[in-house]
Every structure is written in C-alpha cells, then in structure tokens.
Amino acid sequence: MTRTTATQPAPPPTAAAAFDPYRWRADFPALAQEIHGRPLVYLDNAATTHKPRPVIDAVQRYYERDNANVHRGVHTLSVRATERYEGARAAVRRFINAPDSREVVFVRGATEAINLVAQSYGRTHVGSGDEILITGMEHHSNIVPWQMLCEQTGAVLRVAPLNDDGEVLLDEYERLLTSRTRIVALTHVSNALGTVNPVIEMARLARHAGAAVLVDGAQAVPHQPVDVRALGCDFYVFSAHKTFGPMGTGVLWGRAELLDRMSPYQGGGEMIRSVTFEKTVYAEPPARFEAGTPNVAGAVGLGAAIDYLDHVGRCAIAAYERELLAYATERVQAVPGVRLIGTAREKASILSFVMEGIHAHDVGTVLDQMGIAIRSGHHCAQPVMQRFGVPATCRASLALYNTREDIDTLVYALARTREVLG
Ligand code: PMP
C-alpha cells in the first residue's frame, strides 16, 4: 500500500484503476440474467456484444416516433428519419476521425463492406496477373471476397505468414509487396488470436508499393480509439453489432478520391441521380453505394452506441481492457493443461486457448452449464487453426462490462471442466 502524508497527496489513480465496469454493466439488461440457474458470464463479445439501454431506447424511439423512409418524403416524419440517419453518419465520421461524412457508407456489416470494395474497386483496378495481399490471420470475410475477385479477374492471392506467437512476419510481408500488388487487406485486430497488427507501418509499406489498403476493423473499434487518418489506410470497415449497436448495420469508410471513382456495387433506388431506359446517372457517394431502403434504425442505434462509447471514454476502455486481458492471460494459462493460441506482444480483448485432451466444443458445453458463454470452434478463421495445428480453440473475448470476477468464474469453471472431462 502507498503511504501518503498531508503534504504529499496520493498519486492519481490510473485510467484503468478508475474505471468501474460494474457501473457500466448495469446499462446492459441482457447481462442481468441467469443461465442454467447461474448468473450469466458473457465472454463471447468478439461474436457480438450486448446492447446498452441507450441503444435499445434509441431504436425503440425511432420506431415509435420517427419511422419513415429517408431522403424522399417532404413530410415531417421523413425529414426526421433523414435527420436521424444522416446524424448517425456524422457520428461515425467523428468516431473514426474521417475527413468527411460523405466518405461513410452504411452497409450490412464488415462482410458486406469488404465485398463492396472487392467487387467495385477490385473489379476496375485488379487484372490478370495482379496480386492481392492478405495476412495469415484473416477472418473468412477478408479472404473469400478476394478469392472470388481472383477467380473473376485472374489475379493471384498472396498471404503474409505468421510466427508462432501469431504476429505477421513483417519481412515476409514486405517481400510479398511487389509492383503487381493492387490491394492489401488486413485485419486491425485478429478475431481468432487477438493480435493487434502494426497497421500504420503495414499501410505505409503497402501504399509505398502502390497498393490500396483495406483495414478490417471489426474487432478494433469496440476496444480502442480509431483514427483512419493516422492509420493511413484507404478503406476501413466494421460492424455495428460488435460495437454495442444493432445487428444488420455496418460501415465502409473510404477515401473520397477512391469512392468518387468507384462504380456502384448494387443498382436500385436511392443510388441514382436520374434514370431513363437509355441511361442512368449515378448519385455521388455515399448514396451511390446505398441502393434500396437502408437500415435506418440500425444506423440510429449505431449512432447511439457511438455516443455511449464516447460517454464511457474510449481511452479509458482501452486501458481497462488491457489490464483485464493481462489478468485473464495470467490466470487462464495457469490452469493445468491449458495452452494459449496467440501470444503476440500487442493483443486486444481476445484469449484463445486449447485444453489438452478435451475438444473445444466440450469445454464450451460444460461452461455453458455453468452460465459462462465462450466461443468454441474455428472462429471463421480456418487458416489460423491450420497454422497452429488445432481443429478449434476456446475463445474468451472481453468487453468494457467484463470484470475480474468474470475471469475468476471462468478459471474456476475451466479447472472443474478438467476434473469432469479430463
Ligand atoms: N472481420 C472480423 C475480424 C470479424 O471478427 C468478423 C466477425 N466475426 C467479421 C470480419 C465479419 O463481421 P460480420 O459478420 O458482422 O460482417
């Protein structure tokens, strides 16, 4: 304990020490339930996060008061719905420090955003013999759209390999960047390993090689401040549902110079300036990429989630989660028979592990009986499983409302699992 005197004030608490997860936890109604007679311990935040009361209320209020189609009507509800929708776009711009709201495109989620870039930017900028470079830790949604583009164009997919800790081998990455590399697509934070990639450096190298850079931020935005200008990328994507917002909404941010030159991904209403049977003139971005009636309630909910994160404090969340992950790492790896998969120096919010002699699904099933929700499986990252020679891992993933008590319960339950199944 630190001793202080009247003339020597106590040092200010660190951001992490001052953070009170119990205060924020109370805002999440879904967390206050019992599963199989035990209090829910929710550690599957990388799959989706729960929603705080202000987000639930914002979506409900939208449907109760403002529901209308956007951009079309002159009546009051339509004007209000449009204001809410465009207000959410402005909130996203601030959230990722984008230069302009016009660069923020609402989509269904990270998956749709990547497919949009692959099919729109990719189809015009990638040709036969060109190369697309990804990393060995990508989620399937940052692999398959590029494979499809390669099939369509005759381009070649290259993959930067990982070391045994689950970090990209930067020398290899640099070697794989050639004058044929048109697109580099990499995750900010790995959903299977927790690795935080050195995106600033990797984007700098890629752009120096003349490639456009897409960053998959699905696992980054809920956990740390993100500044797309500082990252130096061309596209940044994420899903609302993993960041305390609703399902079915996500964001593609793209640099205006690129979006301006891109053709539409889908055709329909909203994305046109004029239509005749002879010729259609497309709208400017972002409308050009938002064909059809958008998920207005989803955008409104995302806007509320962003306000909520700002209120909690994104730097404070990052500091708190860093400390909680360090605590969880130390405690979980001390359980007999546990081996961590993913031991990068820079990690965020994710603890993947295997238990010797017990299948990950069995661990998940036993933990569920004790009220604990973790994920077991390949986490839509089968190449990562292949790289580490395991069929599946158990994954505990953290959010701002998790506590040391949650980790202690997990550790106790893992030890019990070993007794029951080991
Ligand atoms: N990228 C990463 C790193 C992810 O973790 C996920 C979701 N697990 C996705 C992309 C895809 O997100 P969505 O399913 O919301 O489109």
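Every number for a ligand or one of its atoms is a count from 1 in the order of the listing.
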Answer with yes or no whether the side chains of [Y] and [X] bring together a donor and an acceptor at under 3.5 Å.
X      : Y      : value
Gln224 : Glu321 : no
Glu405 : Tyr22  : yes
Asn163 : Glu167 : yes
Asp406 : Tyr401 : no

- Contact check: Glu112 vs ligand 1, nitrogen or oxygen atoms, below 3.5 angstrom: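 Between Glu112 and ligand 1 (N or O atoms, distance only) the closest approach is not under 3.5 Å.
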
- Query: When only distance counts, is Thr111 in polar contact with ligand 1, meaning an N/O pair under 3.5 Å?
  - Reply: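 Yes - when backbone and side-chain N and O of Thr111 are compared with those of ligand 1, one distance drops under 3.5 Å.
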
Does [X] come within less than 4.0 angstrom of ligand 1, counting non-hydrogen atoms of the residue?
X      : answer
Ser141 : yes
His241 : yes
Asp216 : yes

- Message: If we ignore hydrogens and angles and just use 3.5 Å, is the side chain of Lys51 paired with the main-chain N or O of Phe244 as donor and acceptor?
- Response: no

- Message: Could you tell me if Arg314 sits above the aromatic ring of Phe95, with its cationic atom closer than 6.0 Å to the ring centre and no more than 45 degrees from the axis?
- Response: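 Yes, Arg314 sits over the ring of Phe95.
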
- Message: Just to be sure I'm reading this right: ignoring hydrogens, which of His139, Arg375, His188 gets closest to atom 6 (C) of ligand 1? Compare them by their nearest heavy atoms.
- Response: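 That would be His139.
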
- Message: Starting from atom 8 (N) of ligand 1, what is the nearest protein heavy atom, named by residue and atom, and what distance separates them?
- Response: Lys242 NZ, 2.7 Å

- Message: Give me the nearest non-hydrogen protein atom to atom 12 (O) of ligand 1 as residue plus atom name, then the distance to 0.1 Å.
- Response: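 Looking only at protein heavy atoms, the one closest to atom 12 (O) of ligand 1 is Ser239 OG, 3.6 Å.
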
- Ring center gap for Tyr121 and Phe235 short of 6.0 angstrom: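 Yes, they do, as the ring centres are separated by less than 6.0 Å.
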
- Message: At under 4.0 Å between heavy atoms, is it the side chain or the backbone of Ala218 that contacts ligand 1, or both, or neither?
- Response: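 Side chain only.
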
- Task: Under 4.0 Å from a heavy atom of Gln219: give me the atoms of ligand 1 that qualify, with their elements.
- Result: 3 (C), 4 (C), 5 (O)

